[in-house]
Amino acid sequence: MTTLTARRFDTGEAVRLQIRNGRIASILPAGVSAQESAELPFVGPGLFDIQVNGFHGIWFCSETLTTDDVEKVIRAYSQQGITRCFPTLITTSCGAIEHGLATIRRARENSMLVRNSVVGCHVEGPFISPVDGPRGAHPLQHVRPADVSEFLRWQQAAGGLVKLVTLAPEVANGLDFIEQVAATGVVVSIGHTAASTSIIQQAIERGARLGTHLGNGCAGMVPRHDNVFWPQLADDRLTCSVIADGWHVPATMLNCVHRCKTSDRIILTSDVSGFGGCRPGRYSTGEVAVDVLTDGRIVVAGQTQFLAGSGATTGECVAHFMSTCNTTLQDAWSLASSRPAELMKVAPSSLEEGSPAHLTVFRLQETTEADGRATRRFLPELSVVGGLVERSSV
Ligand SMILES: [Zn+2]
């Protein structure tokens, strides 16, 4: 049995949690003084990130991915407070996607930590816009028209673990793909797209329910009215994910997305790169070269304008969103815990007796900047991943 004493993320109340057999056995007032309570870390339902690409130089879409690699990355995530996730495979050959999915499936069979944490997989691409800009850092040679038979091969390799697919609805067969794949229960998301308003509206009509990292994976210059943003912001059937790392979308846009979609229809994701956690320097996937900069950004090699994934983790995005959109911790935290669980139909974790024990214990270090703004830094302390405890070394 594990016992934790921390402040609830929602009410701030100091509680003592007991965890037994992978569930919260009890949660009671800790009975500590106000001063002692203020010293305690927070505890919230475990962070759940639907878009994570790898870590420490390991990519889930690598042709040479091993089960040990998967476990290493999942352990690193848990040390960053991420208790559940969708490993994400980006545009590559069908064979490499199948290899990645089959390897993740085997890693789940071998490791309880991986099994508890990996509750689905996300395939982002390869059915995306070939155009520079919307395509982002996805390699052009592997971009191809939408193909349901290829999706079925992925699901076979994954043992049905693919729960989320991102595609550009304007690619050949894109709208039919959305309808057929959504009918299997998989969430289909719009992303890396240059679609018109009309195509986005048809995509939602045919079953798309998510917009992947709104504000990224799109053209740098767009028509002022007929573009990918307005139809995604305007339709309440669509939830949008945003990369709230402080680099991928400006504060003004984050605030507008929050006001349009409200906290009911936003998911925070890190989209952490396979080069997350790496020291500054130049790295290559074999197909794409990137620079990890000293300020934490990861960019296409040789320049500093075009980002190539994020170096931030989910908790850092929550802290940034909270400061930028002036929300409560409860509100911001739910966008990276209960909200993704609801959309992906994964059992939610909550601070209640009997709930599956997926918990993140963390501190928020608050700083007042020279211009008077309050900023917060996320400091993970410990994760409980389906009852398994992982301490943070950071
Ligand atoms: Zn992307």
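Side chains included, hydrogens not; waters and symmetry mates left out as well; all remaining heavy atoms used. Order of appearance sets the numbers: ligands from 1, and atoms from 1 within every ligand. Because the structure is predicted, anything quoted here is derived from the model rather than measured.
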Checklist entry - Just by modelled atom types, is the A194 backbone N or O under 3.5 Å from a matching donor or acceptor in the E170 side chain? => result yes

Item to check | D291 side chain to G302 backbone, donor-acceptor under 3.5 Å | outcome: yes

Checklist entry - Can you say whether the rings of H138 and H192 are parallel (under 30°), tilted (30 to 60°) or perpendicular (over 60°)? => result tilted

Item to check | Donor-acceptor under 3.5 Å (D245 side chain, E316 main chain) | outcome: no

Item to check | Metal site the Zn ion (ligand 1), protein N/O/S atoms found under 2.8 Å | outcome: 3

Checklist entry - Counting only N and O atoms by type, is there a donor-acceptor contact under 3.5 Å from the side chain of R108 to the main-chain atoms of V118? => result yes

Checklist entry - So W333 and F362, ring pair (Phe, Tyr, Trp, His ring centres under 6.0 Å) or not? Walk me through it. => result CA-CA 12 Å; W333 192 264; F362 62 99; 4.3 Å; yes

